[in-house]
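The structure appears below as C-alpha cells.
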Amino acid sequence: MDSPGGTPGGLRTVGVEEELLLVDAETGAPRSVASQVLRVARGRGDTDRHGAVGGSLGPELQQQMIETDTPPEDDLAALETDLVTWREKARSAALDAGALVVASGTSPLPVRPLASTTPRYAEIARKFGLTAREQLTCGCHVHVSVESDDEAVGAMDRIRVWLPTLMAMSANSPFWQGIDSNYESYRNQVWGRWPTAGPPDVYGTASAYRAHVQQLLDTGVPHDEGMAYFDARPSRHYPTLEIRVADVCLDPKVAVLVAGLCRALVETAADEWRAGRPPADAPVAVLRLAMWQASRWGLSGDLLDPLAHRPRPARAVVDALVDHVAGALGASGDLARVEDAVDELFAVGTGAARQRAVWLEEGDLARVVVRLAGLS
C-alpha cells in the first residue's frame, strides 16, 4: 500500500483500502459478480499495479464484493481524489456487469454470501464454517507509513485506546439480513466472530509482536499470518501501520477524515514512543467494551473516554481526539480541514444515520440500497 516509511522532516504517507458491495441495479440485492467486474477492470488495466504500489481493484473474501486501494499520498486532497477515482473505476466496471457499487459496511438486504474461488479464501471458508459464510462485511483500512517495525509497534501500543473513536466516526452498517440491527456498526459485531479479531495488546517491540503472532499461528487456529485480524497491525507487505477498525464510509470525505486522523495519531504516538512515554493503561477487555459501545451507538450516544474509560458524550470524545493530535495535524497543514470535517460529520450524521434517514423516507430497503449507490 505505501512507499517506504516517512523520511525525517517529511510527511508520512497514507493510503486507503476500501471494500465495496456489488448489488443488482434494480433490486439492490448483492450479486456474485466480482469475477465479471474484475475481468472488465483487468481489460482496462485497473487490476495490475504494473510494479507500482497501490491503485487497483481486486477480489475479496466473497464474490459480492471487491476491494479498491489507493497509492500512498502525503496530501489529503490528493488522497480524496484517489478515493473518488477508484470508486468510479469500480462503479464503471460494475455497470458493465449489470451491477452497482455501494459503500456500506453490511448489506441492508438479506444475502447468502458466496466465497471467492481463490485457494486461500476457499480454505478459510471451509475451515471457519458459518463465520466465514456470513462474513459479507466491508471495511476501510488505512495504511500509515512508518520508519521501522519497532516504530510501528511503538505507535500501535499508543493509538489503541483511540481506535473505538475512529470506528464510531465511520459507523455505516445499521442493517443486517433485512432488519435494523439497532447498532450503528453491525459490521463490527460480525467481524468480531473471527478468533483473532479485536484490540491488540501492548507489545513494546517488534520482536515481541512477532513472537505473539507466531504463538497464535502455532495453535493451528489462524489459517495464516494474514488472519492476525487485530484492530491495528504492522503490515506484512509494506512499511506501514495498518489501522483496520473503520467501516467503509458512505462519503469519501469521511474516509479522508479518518485517514487524516490515523496519520496524526501515528505521528503523535511515534513521538511519544521516541520520547519514552509509556502507553495509556487499557486492558484488552476494557478496549473490547469501548469498541462495543462505539459499535452500538456510533456518534448518537456516549462513547467511553479513551483514558478514563467512563461514558462521555461522543462529541467530547471526538474533540479530545482532535486535541490529542492537534500538533501533528497542524504540522501537516490538516488541522482546519479536520476540524471542518468533524463539524460536518456531526451536522450531517454518520453513514449509519444517513442510511436510516433514507429508510424512513423510502420505507423499502431495496430502494435504500439503490439510493446508497448514488451516494457512495
Pairwise side-chain contact, L136 with M65, heavy-atom cut-off 4.5 Å (strictly under): yes
At what distance, to the nearest 0.5 angstrom, does NZ of K253 lie from CG of D340? 10.5 Å
Please determine whether side chain to side chain donor-acceptor pair (under 3.5 Å) holds for the pair R158 and T268, giving the CA-CA distance in whole Å, both sets of side-chain angles, and the decisive distance to 0.1 Å. CA-CA 9 Å; R158 290 159 178 80; T268 301; over 6 Å; no
Do L299 and V256 sit in the same hydrophobic cluster, where Ile, Leu, Val, Met, Phe, Trp and Tyr count as joined when their side-chain heavy atoms come under 4.5 Å apart? yes
Shortest non-hydrogen contact between A373 and R91, atoms and distance: O-NH2, 4.2 Å
Parallel, tilted or perpendicular: rings of F230 and Y209 (30°, 60°): perpendicular
Does the side chain of F175 come within less than 4.5 Å of R356's, by heavy atoms? yes
Is the shortest heavy-atom distance from the side chain of P113 to the side chain of Q64 under 4.5 Å? yes
Could you pull out the closest heavy-atom pair between A294 and M167, with the gap in Å? C-CE, 3.5 Å
Tell me yes or no: between the side chains of D247 and S170, is some donor less than 3.5 Å from an acceptor? no
Check step by step if salt bridge (charged side-chain N to carboxylate O under 4.0 Å, His left out) holds for R210 and D149. CA-CA 10 Å; R210 288 192 293 268; D149 289 345; 3.5 Å; yes
Just verifying a value: how many Å separate S92 OG and D46 CG, rounded to the nearest 0.5 Å? 8.5 Å
Applying side chain to side chain contact (heavy atoms under 4.5 Å, CB included), run through M227 and I124 and close with a yes or a no. CA-CA 10 Å; M227 287 195 72; I124 288 173; 4.1 Å; yes
So do E225 and V213 actually touch side chain to side chain, heavy atoms under 4.5 Å? yes
Is there a donor-acceptor contact under 3.5 Å from the side chain of T350 to the main chain of A353? yes
D201 (side chain) donor-acceptor with Y203 (main chain) under 3.5 angstrom: no
Pair W176, Y183 - check ring-ring contact (aromatic ring centres under 6.0 Å, His included), show working. CA-CA 10 Å; W176 179 254; Y183 284 76; over 10 Å; no
Answer yes when R12 and E267 have at least one side-chain N-carboxylate O distance shorter than 4.0 Å, and no when they do not. yes
Check: T219 side chain, L216 main-chain N or O, donor-acceptor pair, under 3.5 Å: yes
In Å and rounded to the nearest 0.5 Å, what is the CD to OG distance from E242 to S235? 6.0 Å
Within the structure provided, determine whether V318 and F346 are in side-chain contact (heavy-atom separation under 4.5 Å). yes
Got a salt bridge between R274 and E151, using NZ or NE/NH1/NH2 to carboxylate O under 4.0 Å? yes
Can any side-chain N or O of R31 pair as donor or acceptor with the backbone N or O of G98 at less than 3.5 Å? yes
Joint hydrophobic cluster, M156 plus W273, side-chain heavy atoms closer than 4.5 Å: no
Going by distance alone, is a donor N or O of one side chain under 3.5 Å from an acceptor N or O of the other, for Q189 and S295? yes
R44/D96 under side chain to side chain contact (heavy atoms under 4.5 Å, CB included): CA gap, chis, key distance, verdict: CA-CA 12 Å; R44 298 173 179 177; D96 273 21; 3.0 Å; yes
Are V37 and L100 grouped together when hydrophobic residues (ILVMFWY) are joined by side-chain heavy atoms under 4.5 angstrom apart? no
In short, P306 meets T165 closest at the heavy-atom pair CG-OG1, 4.1 Å
Side chain S116, main chain E60, donor-acceptor under 3.5 Å: yes
In this structure, CZ of R133 is separated from CZ of R112 (nearest 0.5 Å) by 9.0 Å
Which one of N188, D231, V142 satisfies the side chain to side chain contact (heavy atoms under 4.5 Å, CB included) criterion with V245? D231
Apply salt bridge (charged side-chain N to carboxylate O under 4.0 Å, His left out) to E123 and R126, showing your working. CA-CA 5 Å; E123 176 58 20; R126 184 202 66 78; 2.6 Å; yes
Just by distance, with hydrogens left out, do Y186 and W191 show a side-chain donor and acceptor under 3.5 Å apart? no
Non-hydrogen side-chain atoms of E73 and T13 separated by less than 4.5 Å: no
Nearest heavy-atom neighbours spanning A168 and G298: CB-O, 3.6 Å
Any side-chain heavy atom of V16 sitting closer than 4.5 Å to one from D69? no
For residues V248 and N172, report the shortest heavy-atom separation together with the two atoms involved. O-ND2, 2.9 Å
Quick check: does any side chain N or O of R160 sit under 3.5 Å from a backbone N or O of P279, one acting as donor and the other as acceptor? no
Spacing of H237 atom NE2 and H143 atom NE2 [to the nearest 0.5 Å]: 9.0 Å
Taking the side chain as everything from C-beta on, heavy atoms only, tell me whether R39 gets closer than 4.5 Å to Q36. yes
Worked check of salt bridge (charged side-chain N to carboxylate O under 4.0 Å, His left out) between R87 and E18: CA-CA 9 Å; R87 284 194 185 190; E18 291 192 307; 2.8 Å; yes
So, E361 and R367, do they make that salt bridge, N to O below 4.0 Å? no
Mark yes or no for whether S376, through its side chain, and A103, through its backbone, hold a donor-acceptor pair below 3.5 Å. yes
List the atom of S173, the atom of T106, and the distance in Å for their closest heavy-atom pair. CB-OG1, 3.4 Å
Go through M169 and L345 one step at a time and tell me if the side chain to side chain contact (heavy atoms under 4.5 Å, CB included) criterion holds. CA-CA 8 Å; M169 297 172 73; L345 180 60; 3.9 Å; yes
Would you say L287 ends up clustered with L321 if hydrophobic residues are merged whenever their side chains have heavy atoms under 4.5 Å apart, either directly or through other cluster members? yes
Modelled atom types, side-chain donor and acceptor of S332 and D334, under 3.5 Å: yes
Kindly indicate, with the supporting measurements, whether the criterion side chain to side chain contact (heavy atoms under 4.5 Å, CB included) is fulfilled by I159 and I243. CA-CA 10 Å; I159 70 170; I243 299 168; 3.8 Å; yes
CH2-CG distance between W86 and L57, expressed to the nearest 0.5 angstrom: 5.5 Å
Between the side chain of S32 and the main-chain N/O of Q63, is any donor-acceptor distance below 3.5 Å? no
Is a donor on one side and an acceptor on the other found under 3.5 Å between the side chain of D305 and the backbone of R310? no
Residue pair D224, R236: steps toward the salt bridge (charged side-chain N to carboxylate O under 4.0 Å, His left out) verdict: CA-CA 11 Å; D224 55 24; R236 294 181 299 145; 5.3 Å; no
Salt bridge E362-R371, side-chain N to carboxylate O under 4.0 Å: yes
When you measure from the side chain of Q293 to the backbone of D302, do you find a donor-acceptor pair of N or O atoms at a distance under 3.5 Å? yes
